[in-house]
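This report refers to the structure that appears directly beneath it.
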There are 2 protein chains.
Amino acid sequence: MNRHDPRMSPKIVDVARTAGVSTATVSRALTAPGKVSAKTRAIVMAAVEETGYIVNHAARNLRRQQTGGIVVLVPNLSNPFFSQILSGIASVLSGAAFNVLIADTQQPKGADRQIIQYLHNNRADGLIVLDGGLPEHIFGNGDRQARPPAIFACEWIEGSEKLSVTIDNVAGAAMAIDHLVQLGHSRIGHVMGPPDNVLTIRRQEGTTAALERAHLPVRREWYFEGDFSLPSGVRAAKAWLALRDRPDAVFCSSDAMACGFMSELHRHGVRVPDDVSVVGFDDIEIAEHFIPTLTTIHQPRTTIGETAARMLLARINGGEDPVQSIRLPVDLVVRESTSAPRIA
Amino acid sequence: MNRHDPRMSPKIVDVARTAGVSTATVSRALTAPGKVSAKTRAIVMAAVEETGYIVNHAARNLRRQQTGGIVVLVPNLSNPFFSQILSGIASVLSGAAFNVLIADTQQPKGADRQIIQYLHNNRADGLIVLDGGLPEHIFGNGDRQARPPAIFACEWIEGSEKLSVTIDNVAGAAMAIDHLVQLGHSRIGHVMGPPDNVLTIRRQEGTTAALERAHLPVRREWYFEGDFSLPSGVRAAKAWLALRDRPDAVFCSSDAMACGFMSELHRHGVRVPDDVSVVGFDDIEIAEHFIPTLTTIHQPRTTIGETAARMLLARINGGEDPVQSIRLPVDLVVRESTSAPRIA
DNA sequence: CTGAAAGCGCTTACAG
DNA sequence: CTGAAAGCGCTTACAG
């Protein structure tokens with residue numbers, strides 16, 4: 001016989017028998033101590049201790065019509081950018097006795113079906129969505145399936161009324177550009193994120209607006225394609241190298257791209273910041289240790305995760321809706337990858 | 001009234017009514033199609049489609065005496081080293097209709113209690129443990145609580161009989177040292193992982209053994225303390241700089257430390273590989289793009305995750321035990337951070 | 001191949 | 001404050 005036999009665990013009825021009370025009283029002592037006399041509570045607690053009782057969540061959830069799980073939809077689990085956000089989410093949620101279920105929206109096989117499964121309320125009590133590229137209707141009401149509340153974090157869906165925790169991407173991009181302008185740069189380029197991504201769009205807007213404010217040229221060929229990844233930064237560097245007339249400062253929409261960009265430039269003998277200044281976005285851990293260390297826009301990633309989790313909890317528990325979308329501030333962190341341009 | 005009303009979802013009884021069969025038949029058609037006639041199955045499937053039925057996992061799990069969840073115990077969720085492993089785990093497990101629950105073993109508050117909770121079989125059907133630093137008895141049988149099967153991945157507990165998916169750390173370290181020896185280095189140092197960690201110990205063993213095989217000095221002051229993190233690599237570099245008699249090649253037990261090490265050396269005008277060669281371990285994404293690109297020992301992280309997940313599944317499903325621990329091979333990836341020593 | 005019925009382990013109105 | 005009892009939505013021997 002299998003040593004792993006679930007039926008060995010004590011049930012609430014075992015505790016009740018040991019304590020000499022009903023299962024109802026045990027249940028109350030555990031979940032609503034105020035409804036039980038101090039004396040009874042003590043007896044029950046002793047019985048819980050003695051039996052080693054632990055609640056069966058499947059049973060509790062079935063009875064309470066909840067799932068005890070929060071699903072986090074991540075665009076790409078293997079991207080380290082998300083790990084700290086997940087960490088923030090997990091710390092708040094597991095403190096609130098929720099399971100954190102993680103689903104990768106870019107999972108190759110049958111991702112759609114799987115995500116849709118998660119969206120049904122018998123699978124999760126709520127969602128935190130880090131991917132703004134999903135079709136909005138899958139979160140929507142309006143069809144026959146009830147859907148659990150969803151909170152967007154980092155990314156969001158334009159025009160959606162769903163709550164979100166975001167940062168000020170336009171301001172962040174503008175801070176990056178303003179920094180370069182103040183250093184004396186007038187020929188500034190931009191490596192963009194993936195097309196259609198909301199972050200890409202906002203950071204591009206912030207970039208363009210700041211350039212225009214400074215009366216600097218906004219040149220189409222200085223807006224390089226990218227997708228936030230390291231390799232796309234390498235490709236952008238190749239595009240930069242291929243230009244005859246090059247920008248002497250580049251703002252990359254992610255740190256990963258900035259690192260790939262600098263890496264490829266270095267391979268071709270172009271020096272940062274002497275030949276070209278580079279600013280990133282995110283402030284991932286390596287930014288502080290890259291060679292050169294990377295000037296970037298800092299995102300409070302743990303706070304983003306924690307805030308999203310707390311907001312979702314408020315949404316799940318509170319009947320009313322004092323909950324509002326939050327936009328967190330970002331900071332410019334100046335390091336070695338930016339300097340005044342060489343005198344031409 | 002709350003628009004998010006779970007009771008709206010169709011139940012198995014709704015499908016049964018629509019199909020004109022019993023709930024038992026619906027259940028069978030869904031989970032054991034072979035036990036139902038083709039005709040009935042078609043009728044049931046049509047009814048499922050029509051009603052939009054989705055199984056309630058809490059109910060199924062309660063009835064089946066399982067949880068549908070696999071817990072992954074991660075030493076530090078915000079460490080990007082683990083994200084690709086998690087990705088491998090998640091892809092296999094969600095394909096098998098398991099939820100992936102992630103718990104951070106270094107979570108500040110009440111981590112112990114929380115992890116213990118997860119260890120009870122009514123919370124998870126199995127565990128994948130990435131932290132070899134937990135006390136073994138918490139996984140053990142022997143007390144009154146049944147425990148779900150656990151598989152170790154990457155790390156493990158020395159002397160434990162639990163199954164594991166690991167890499168050959170001794171061989172990996174030896175490959176790193178042999179590479180340096182072949183380049184002509186004879187003064188070789190080592191930056192270690194956290195004390196007592198099994199990976200630290202094995203890689204240190206491999207290092208020492210390879211040095212001895214090459215008849216090279218094994219000097220205590222050339223074994224630098226570390227903990228796998230970037231900042232600890234920075235500290236190791238400071239220790240290196242403080243030596244009068246320095247090794248001219250250093251094998252770091254993680255890529256993160258190697259990057260921190262090189263970063264700090266660079267700050268002090270020491271060139272890699274001209275002044276000192278550096279080898280890392282892991283082959284994280286940045287290794288290929290650091291300046292200089294990092295020579296390192298490649299770990300198949302996605303495969304580690306997938307293998308651990310599949311092994312756990314086999315353990316959960318199969319009554320017999322053909323399942324065995326697996327040690328995956330590693331490769332040396334030669335890049336720019338290593339070269340022959342300068343002629344002294 | 002199919003159905004009636006029990007039961008998984010809880011929680012919670014309801015009654016006292 | 002406490003207990004008896006119903007019921008959450010499934011699955012699965014058991015009987016036919």
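Protein chains get the first letters and strands the later ones, always in sequence-line order, with residue 1 at the start of each. Heavy-atom basis, side chains included; hydrogens, waters and symmetry copies ignored.
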Presence of salt bridge, B/R17 and B/D14, under 4.0 angstrom
yes

Which of A/D131, A/L127, A/I157 passes side chain to side chain contact (heavy atoms under 4.5 Å, CB included) with A/F152? Answer is A/I157

Whole-Å distance, B/I54 CD1 to D/dC10 P, equals 11 Å

Checking A/I102, A/T105, A/V129, A/I128 against A/V74 for side chain to side chain contact (heavy atoms under 4.5 Å, CB included), the one that qualifies is A/I102

So CG of B/L313 and CG of B/D125: to nearest 0.5 Å the spacing works out to 10.0 Å

With the side chain defined as heavy atoms from C-beta on, B/N56 is closest, among C/dC10, D/dC10, D/dT11, to D/dC10

Closest to the side chain of B/S22, out of D/dG9, C/dA4, C/dT11, is C/dA4

Quick one: which protein N/O atoms are closer than 3.5 Å to N/O atoms of nucleotides 13-15 of chain C? Pair and distance per line, please.
from, atom 1, to, atom 2, distance (Å)
C/dA13, N6, A/R28, NH2, 2.9

Could you check whether B/V21 gets within reach of a base, just the sugar-phosphate, or nothing at all, counting any heavy atom under 4.0 Å? sugar-phosphate

note: B/Q66, atom CD; D/dC10, atom P; distance rounded to Å ~ 14 Å

> Does the side chain of B/Q65 get closer than 4.0 angstrom to OP1 or OP2 of C/dG9 through an N or O atom?
Replying inline: yes

When rounded to whole Å, the NZ to C1' distance for the pair A/K11 and C/dT11 reads 16 Å

Here the distance between atom C1' of C/dG9 and atom CG of B/N61, to the nearest Å, is 13 Å

Please report the C-alpha distance between A/S87 and A/T302 in whole Å, then the side-chain angles of each, then the deciding distance to 0.1 Å, and finally whether the side chain to side chain contact (heavy atoms under 4.5 Å, CB included) criterion is met.
CA-CA 7 Å; A/S87 178; A/T302 305; 5.7 Å; no

The residue, B/T23 or B/R64, whose nearest nucleotide of DNA chain C is more 5′ is B/T23

Against the side chain of B/T25, the closest entry in C/dG3, D/dG9, D/dC10 is C/dG3

From the candidates D/dG3, D/dT11, D/dC1, the one with an atom nearest any side-chain atom of B/I12 is D/dT11

On a heavy-atom basis, the closest approach of B/A308 and B/A153 is CB-CB, 4.0 Å

Rounded to whole Å, NE2 of B/H57 lies from C1' of D/dT11 at a distance of 14 Å

Between the CG atom in B/L163 and the CD atom in B/E161, the distance rounded to the nearest 0.5 Å is 10.0 Å

Closest non-hydrogen contact found for A/N56 with A/A59 is OD1-N, 3.0 Å

TODO: Give the C-alpha distance, both sets of side-chain angles, the deciding distance and a yes or no for side chain to side chain contact (heavy atoms under 4.5 Å, CB included) between A/I85 and A/L130.
DONE: CA-CA 9 Å; A/I85 294 173; A/L130 303 179; 4.2 Å; yes

Considering only heavy side-chain atoms of B/T31, the closest of D/dT2, C/dT12, D/dT11 is D/dT11

Using the C1' atom as the point on both nucleotides, what is the distance between D/dG16 and D/dT12, in whole Å? 16 Å

A/I43 CD1 to D/dC1 C1', in whole Å, measures 13 Å

- Task: Compute whether any side-chain donor of one residue and acceptor of the other, for B/E50 and B/T18, lie under 3.5 angstrom apart.
- Result: no

Here the distance between atom C1' of D/dT11 and atom NZ of B/K35, to the nearest Å, is 10 Å

Writing each nucleotide of DNA chain C 5' to 3' as (, ), [, ], | or . by Watson-Crick or G-U pairing under 3.5 Å yields |||.||||||||.|||

Here the distance between atom C1' of C/dT11 and atom OH of A/Y53, to the nearest Å, is 10 Å

